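Below: the structure, in structure tokens.
Just so we're clear, the structure is a prediction, and the values are computed from it rather than from any experiment. Just so it is clear, the values below take in all heavy atoms, side chains as well, and ignore hydrogens, waters and symmetry mates.
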Amino acid sequence: MKDMNIGVKTRLGVLVATWLLAATAQADEQATPMAMQHEAVPHETMTHEAMSHEAVSHETMSQEAVPHEAMSHETMAPETEEVRDPHAYADGYTLDSGAYALPGPRQLRLADEHAFWSLLFERFEYAGDGSSRGTDTGQYDVQAWYGKTYDRLMLKAEGEWAAGKLTDSETELLWSHAIDSFWDAQLGLRLDSSEGQARQWLALGAQGLAPYWFELDLTAYLGAGGRTALALEAEYELLLSQRLVLQPRAELTLYGRDDEANGIGSGLTDASLGLRLRYEFSRRFAPYIGVEWAAKFGRTADYATRAGDADRDTRYVAGVRFWF
């Protein structure tokens, strides 16, 4: 047993000695490259002179190549006038002069220099209440304009006819000026013609596209003798498909004083709410059907009752919307 213990201890000693020799050899191998590096670059040569700015000279990265004056804010960024000047990078060329200018009158005209025109029949329809009282009428709502991007001459006309006779009409001739990307200010005249007395008004308003795609038309009017009026129209187009469009439409009118000759009272005189469904065979041509509710209020309703007319009305409409 004693001899066996001595043999085990001997073997353990041999294993430990072998492990120590292997570890020492590995440490020597790792130390050898470091020694070679020190030999390749002796410590005496690793002075500040050898690794100074001479190795990376001021000729390539010094202030001599890029002077401090050249690194100032004034020279690192272009002048404000040059940045904002639209002709700063044109090298002196313009549409009227230079090597690329065509002889004779200037040929190139941009879109905002051209005059365009448009005619839109927003509503051209037949309206009936489905009764036998003979109250079926025709209605129209037309807008036309001619001009450029910012300034246009605009015509607005709407009215009703019955039995082949024009019974009521409002026609506005306006100067329209763009005051925003989606809004125009409008100034002009309005002429009223009806079975009563004709009226003339000075019109001032705004027309455009409100947030959430509501189309608005708000106009204030000033007439002779201090008469005043205010009209508001609002529309919205809900696309059920690429061709089928549902259009709610609301309109209300207010007057500042009574006009008995035309059956109009002061305050809120009338309002209407319509719903039209159209199918666009093309963007320029779309027949539609719909329903419209109309009501008169206050003294206006009283005048209508005296004349034998209804102060509340529901009409079914069928018409066509087109433009060119």
Side-chain angles (χ1 to χ4, degrees), residues 112 115-125 139-160 166 168-194 196-237 247-259 262-274 276 292 294-298 300 321 323:
D112 59 350
F116 298 94
W117 63 273
S118 175
L119 176 62
L120 167 64
F121 279 77
E122 180 69 33
R123 291 181 296 139
F124 191 71
E125 63 192 23
Q139 300 179 357
Y140 65 90
D141 183 357
V142 183
Q143 291 193 19
W145 59 264
Y146 174 83
K148 300 182 179 180
T149 301
Y150 293 96
D151 295 286
R152 296 173 178 177
L153 180 65
M154 177 167 283
L155 175 68
K156 296 181 181 180
E158 60 179 294
E160 296 182 359
L166 185 64
D168 188 17
S169 69
E170 296 178 2
T171 305
E172 300 180 39
L173 185 62
L174 306 168
W175 166 63
S176 181
H177 177 73
I179 57 176
D180 189 73
S181 300
F182 299 98
W183 287 94
D184 294 340
Q186 298 174 345
L187 175 66
L189 300 174
R190 165 182 155 184
L191 305 176
D192 290 354
S193 177
S194 64
Q197 185 174 354
R199 300 292 186 191
Q200 296 80 37
W201 308 81
L202 176 66
L204 175 63
Q207 182 178 5
L209 189 65
Y212 302 100
W213 305 98
F214 286 92
E215 296 184 17
L216 299 180
D217 189 352
L218 176 65
T219 310
Y221 302 97
L222 177 63
R227 299 182 183 277
T228 57
L230 181 67
L232 172 64
E233 295 182 14
E235 296 178 357
Y236 183 79
E237 294 188 348
Q247 183 189 54
R249 180 179 182 273
E251 181 178 359
L252 58 88
T253 309
L254 300 93
Y255 283 85
R257 62 170 59 182
D258 290 348
D259 185 1
N262 291 309
I264 297 174
S266 60
L268 179 61
T269 59
D270 60 88
S272 64
L273 177 63
R276 291 168 174 81
E292 185 174 67
K296 298 178 181 179
F297 306 95
T300 305
R321 179 185 187 271
W323 62 272

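Closest heavy-atom contact between Thr149 and Ala178: O-CB, 4.1 Å. Listed here is the closest heavy atom pair of Ala210 and Leu216: CB-CD1, 3.8 Å. Pairing each heavy atom of Leu209 with each of Trp183, the nearest pair is O-NE1, 3.4 Å. Residues Tyr146 and Ala115 come closest through the heavy atom pair OH-CB, 3.5 Å.
Between Ser194 atom OG and Glu160 atom CD the span is 11.5 Å, to the nearest 0.5 Å. A distance of 8.0 Å separates CG in Leu174 from CG in Leu187, rounded to the nearest 0.5 Å. The distance from the CD atom of Glu215 to the OH atom of Tyr236 is 11.0 Å, given to the nearest 0.5 Å. Distance CG/Leu202 to CZ/Arg190: 11.5 Å, rounded to 0.5 Å. The line from OG of Ser193 to CD of Gln200 is 10.0 Å long, rounded to the nearest 0.5 Å. For the atom pair Glu237 CD and Gln247 CD, the distance stands at 5.5 Å (nearest 0.5 Å).
Note on Arg276 versus Glu292: salt bridge recorded, some NZ/NE/NH1/NH2 to OD/OE distance being below 4.0 Å.
The salt bridge (charged side-chain N to carboxylate O under 4.0 Å, His left out) contacts involving residues 196-211 comprise Arg199-Asp259, where partners must be two or more places apart or lie in separate chains. Pairs passing the salt bridge (charged side-chain N to carboxylate O under 4.0 Å, His left out) check and including a residue from residues 140-151, sequence neighbours excluded, read Arg123-Asp141, Asp141-Arg249.
Checked against a 6.0 Å centroid threshold, the rings of Tyr140 and Phe124 do not count as neighbours.
Checking side-chain atoms of Thr269 against main-chain N and O of Thr253 turns up a donor-acceptor pair under 3.5 Å. Put simply, the side chain of Asp217 never gets that close to the backbone of Gln207: no donor and acceptor are under 3.5 Å apart.
In this structure, Phe182 places its CZ atom where only 12 or fewer heavy-atom neighbours from other residues, nucleotides or ligands lie under 6.0 Å away.
Tested against Gln186, the residues Arg152, His177, Lys156 include a single side chain to side chain donor-acceptor pair (under 3.5 Å) partner, Lys156.
Proximity of Trp145 to Leu120: side-chain heavy atoms (C-beta onward) are nowhere separated by under 4.5 Å. At least one side-chain heavy atom of Glu122 sits under 4.5 Å from a side-chain heavy atom of Arg321.
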Problem - Pair Leu173-Leu153, side chain to side chain contact (heavy atoms under 4.5 Å, CB included): steps then yes or no - result: CA-CA 8 Å; Leu173 185 62; Leu153 180 65; 4.0 Å; yes
Output a table of donor-acceptor pairs, distance under 3.5 Å, between side-chain atoms of residues 221-232 and any protein atom two or more places apart or on a different chain; print 'none' if there are none.
{"unit_1": "Tyr221", "atom_1": "OH", "unit_2": "Glu172", "atom_2": "OE2", "d": "2.8"}
{"unit_1": "Arg227", "atom_1": "NH1", "unit_2": "Asp258", "atom_2": "O", "d": "3.3"}

